[in-house]
Visitor: 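Let me give you the structure first, and then I'll get to my questions.
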Amino acid sequence: MSRRSESAGGAPRPTRRRGPRRCVDPVALTDAYGTDAVRWWLLRDVPRVGDADFTPERLTARADADFAGGLGNLVHRVVTMVHRYRAGRVPAPSGVEPAVAPLEDVCRRVPGRIDAALEDYDFRRAVRAAWEIVEAANRCVDTTRPWELARAEGCGDGAAGGRLDDVLAALVSACRLLADELAPFVPGAAARISEQVGPSANGTLPPASPLFTQLREGG
């Protein structure tokens with residue numbers, strides 16, 4: 001507190017000296033990091049009420065963690081398994097694997113939660129709800145361990161093959177839902193996801209390829 005002003009009653013009232021505000025050029029940011037990275041930082045890290053501390057490092061850290069490390073890794077992992085275990089064709093679910101139920105439940109609930117958040121103009125809560133699909137899908141992979149199901153199927157365990165079909169079908173469905181739900185927020189990222197998990201002309205998924213690059217050098 002470095003200055004004082006007089007209140008209506010004549011008593012001194014402390015006031016705060018404000019330093020110069022830093023201005024950030026949004027066009028320069030999008031040129032440097034891409035529109036989706038800037039959009040995502042605003043959606044994920046700026047609270048509905050109050051201020052947020054911005055630095056380019058925070059923006060790139062968020063984009064690298066969520067796009068390259070989160071969305072990109074999940075989609076690449078899922079598409080790779082569909083190619084490795086089912087020659088690129090998404091199997092029809094057989095309904096025998098109960099461990100996919102938590103993921104399916106999240107996928108059923110998330111669209112409504114996003115809609116409710118948007119009714120309140122709470123974009124941060126909306127994208128946090130969408131991110132629950134990523135977290136649930138990763139938990140599904142860790143719980144079901146598709147590589148072990150594939151190994152058991154290769155040894156003649158037909159039931160393991162049915163369970164593997166359920167897991168792969170649920171994971172692809174979750175990725176497709178992610179693309180749909182993220183499209184209004186980060187359309188470029190959503191389109192990349194959709195291209196990877198949508199069937200090509202011959203009915204198979206496109207080969208797995210990196211969706212996002214690290215923005216930070218050495219990231």
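Count residues from 1 along the sequence. Heavy-atom basis, side chains included; hydrogens, waters and symmetry copies ignored. Being a predicted model, the structure only gives us computed values, none of them experimental.
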Visitor: Quick check against the 3.5 Å criterion: does Thr30 have a side-chain atom that pairs as donor or acceptor with the backbone of Val27?
Guide: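 Yes; judged by distance alone, with no hydrogens or angles, the pair exists.
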
Visitor: Could you check whether any side-chain N or O of Ser173 sits under 3.5 Å from a backbone N or O of Ala169, counting only pairs where one atom can act as donor and the other as acceptor?
Guide: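 Absent.
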
Visitor: Determine yes or no for a side-chain-to-main-chain donor-acceptor pair under 3.5 angstrom, with Glu97 supplying the side chain and Gly162 the backbone.
Guide: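 Answer holds: no.
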
Visitor: Mind checking the CZ-CD spacing from Arg163 to Glu148? Nearest 0.5 Å is all I need.
Guide: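 Going from the CZ atom of Arg163 to the CD atom of Glu148 covers 9.5 Å.
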
Visitor: With distance as the sole test, does Arg39 use its side chain to make a donor-acceptor pair with the main-chain N or O of Val186 at under 3.5 Å?
Guide: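 Answer holds: no.
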
Visitor: Are the side chain of Asp165 and the backbone N or O of Pro93 linked by a donor-acceptor pair below 3.5 Å?
Guide: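 Between the backbone of Pro93 and the side chain of Asp165 there is no qualifying donor-acceptor contact (under 3.5 Å).
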
Visitor: What I'd like to find out is whether the side chain of Pro111 reaches to under 4.5 Å of the side chain of Glu181, using heavy atoms alone.
Guide: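 The answer is yes, as the side chains (C-beta and beyond) meet within the 4.5 Å cut-off.
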
Visitor: Is there a chain of hydrophobic side chains (I, L, V, M, F, W, Y, each step under 4.5 Å between heavy atoms) that links Ile114 to Leu42?
Guide: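 Unlinked, Ile114 and Leu42 end up in two clusters.
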
Visitor: Please examine the side chains of Asp36 and Pro187, heavy atoms only from C-beta on, and report whether any two atoms are closer than 4.5 Å.
Guide: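 With C-beta onward as the side chain, the pair touches.
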
Visitor: Counting C-beta onward and ignoring hydrogens, is there a side-chain heavy-atom pair between Leu168 and Met81 closer than 4.5 Å?
Guide: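 Yes; the side chains approach each other to less than 4.5 Å.
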
Visitor: Just verifying a value: how many Å separate Ile133 CD1 and Leu103 CG, rounded to the nearest 0.5 Å?
Guide: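 Between Ile133 CD1 and Leu103 CG, I get 8.5 Å after rounding to 0.5 Å.
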
Visitor: So, applying side-chain contact (heavy atoms from CB on, under 4.5 Å) with Leu74, which one of Ile193, Val79, Asn138 is it?
Guide: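 Filter result, single survivor: Asn138.
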
Visitor: What's the verdict on side chain to side chain contact (heavy atoms under 4.5 Å, CB included) for Cys140 and Val100, showing C-alpha distance, side-chain angles and the deciding distance?
Guide: CA-CA 6 Å; Cys140 180; Val100 301; 4.2 Å; yes

Visitor: Between the side chain of Gln196 and the main-chain N/O of Pro210, is any donor-acceptor distance below 3.5 Å?
Guide: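 Between the backbone of Pro210 and the side chain of Gln196 there is no qualifying donor-acceptor contact (under 3.5 Å).
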
Visitor: Tell me every residue that passes side chain to side chain contact (heavy atoms under 4.5 Å, CB included) with Phe123, counting only those two or more places apart in sequence or in another chain.
Guide: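 With sequence neighbours excluded, Phe123 shows a side chain to side chain contact (heavy atoms under 4.5 Å, CB included) to Leu43, Leu118, Phe185, given in chain and number order.
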
Visitor: How close do Cys175 and Val197 get, heavy atom to heavy atom, and via which atoms?
Guide: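 It is CB-CG1, 3.7 Å.
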
Visitor: Cation-pi check, Arg44 to Trp131: give yes when NZ or CZ is under 6.0 Å from the six-membered ring centre and within 45° of the ring axis, no otherwise.
Guide: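 Positive - Arg44 is close enough to the ring of Trp131 and near enough to its axis.
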
Visitor: Sequence neighbours excluded, which residues qualify as side-chain hydrogen bond (donor to acceptor under 3.5 Å, both in side chains) partners of Ser94?
Guide: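 Listed in chain order: Asp166.
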
Visitor: Side-chain heavy atoms nearer than 4.5 Å, only ILVMFWY residues, links allowed to pass through others: does that put Val38 and Phe67 together?
Guide: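 They do not share one cluster, since no chain of ILVMFWY contacts under 4.5 Å joins Val38 to Phe67.
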
Visitor: Determine whether a donor-acceptor pair (N or O, by modelled atom type, separation under 3.5 Å) exists between the side chain of His76 and the backbone of Leu71.
Guide: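 Side chain of His76 to backbone of Leu71: no pair is present.
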
Visitor: For a quick test of reading the model, state the closest non-hydrogen atom pair linking Leu177 to Cys107 and the distance between them.
Guide: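 Residues Leu177 and Cys107, closest heavy atoms: CD2-O, 3.4 Å.
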
Visitor: Using the rule given for side chain to side chain contact (heavy atoms under 4.5 Å, CB included), can you reason through Asp120 versus Arg125, listing the C-alpha separation, both sets of side-chain angles and the distance that settles it, and then say yes or no?
Guide: CA-CA 9 Å; Asp120 292 336; Arg125 179 157 56 95; 2.7 Å; yes

Visitor: Strictly distance-based, threshold 3.5 Å: is any side-chain N or O of Asp157 a donor or acceptor partner for the main-chain N or O of Glu153?
Guide: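 Such a contact is absent between Asp157 side chain and Glu153 backbone.
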
Visitor: With sequence neighbours excluded, what pairs up with Trp41 under the side-chain hydrogen bond (donor to acceptor under 3.5 Å, both in side chains) test?
Guide: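 Per chain and number, Trp41 pairs via side-chain hydrogen bond (donor to acceptor under 3.5 Å, both in side chains) with Asp45.
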
Visitor: Measuring only between side-chain heavy atoms, which start at C-beta, is Glu104 closer than 4.5 Å to Val106?
Guide: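 No, their side chains stay 4.5 Å or more apart.
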
Visitor: If you look at every heavy atom in Asp142 and Arg77, which pair is closest and at what distance?
Guide: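 Nearest heavy atoms, Asp142 then Arg77: OD1-NH2, 3.6 Å.
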
Visitor: Is the side chain of Ser194 donor-acceptor paired with the backbone N or O of Ala190 at a distance under 3.5 Å, no angle test?
Guide: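 No, Ser194 side chain to Ala190 backbone: no donor-acceptor pair under 3.5 Å.
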
Visitor: Any ion pair linking Arg113 and Glu132 (charged N to carboxylate O, less than 4.0 Å)?
Guide: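 Result for this pair is yes, salt bridge flagged.
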
Visitor: Are Arg176 and Asp180 ion-paired here, with the side-chain N under 4.0 Å from a carboxylate O?
Guide: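 So Arg176 does not pair with Asp180 through a salt bridge.
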
Visitor: Decide salt bridge (charged side-chain N to carboxylate O under 4.0 Å, His left out) for Arg108 and Asp105; before the verdict, give the C-alpha distance in whole Å, the side-chain angles of both, and the deciding distance to 0.1 Å.
Guide: CA-CA 5 Å; Arg108 279 192 296 269; Asp105 183 57; 3.8 Å; yes

Visitor: Would you say Leu59 and Trp40 are hydrophobically clustered, going by side-chain heavy atoms of ILVMFWY under 4.5 Å?
Guide: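 In one cluster with Leu59: Trp40, no.
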
Visitor: Return the minimal non-hydrogen interatomic distance between Thr143 and Ala99, and the atom names on each side.
Guide: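 Shortest heavy-atom contact: CG2-CB, 4.3 Å.
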
Visitor: Within a radius of less than 6.0 Å around CZ of Arg86, do more than 12 heavy atoms belonging to other residues, nucleotides or ligands occur?
Guide: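 Correct, the count exceeds 12.
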
Visitor: Return yes if some donor-acceptor pair links the side-chain N/O of His83 with the main-chain N/O of Val78 below 3.5 Å, else return no.
Guide: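 Checked: no pair found.
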
Visitor: Any heavy-atom pair between the side chains of Pro146 and Val141 that's under 4.5 Å?
Guide: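 Yes; the side chains approach each other to less than 4.5 Å.
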
Visitor: Between Leu171 and Leu211, is there a shared hydrophobic cluster once you connect ILVMFWY residues whose side-chain heavy atoms come closer than 4.5 Å?
Guide: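 They do share one cluster, since a chain of ILVMFWY contacts under 4.5 Å joins Leu171 to Leu211.
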
Visitor: So Tyr85 and Pro91, do their side chains get closer than 4.5 Å, heavy atoms only?
Guide: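 No, too far: nothing below the 4.5 Å cut-off.
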
Visitor: Which heavy atom of Pro98 sits nearest a heavy atom of Val96, and at what distance?
Guide: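 Distance-wise, the nearest heavy atoms are CD-O, 3.2 Å.
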
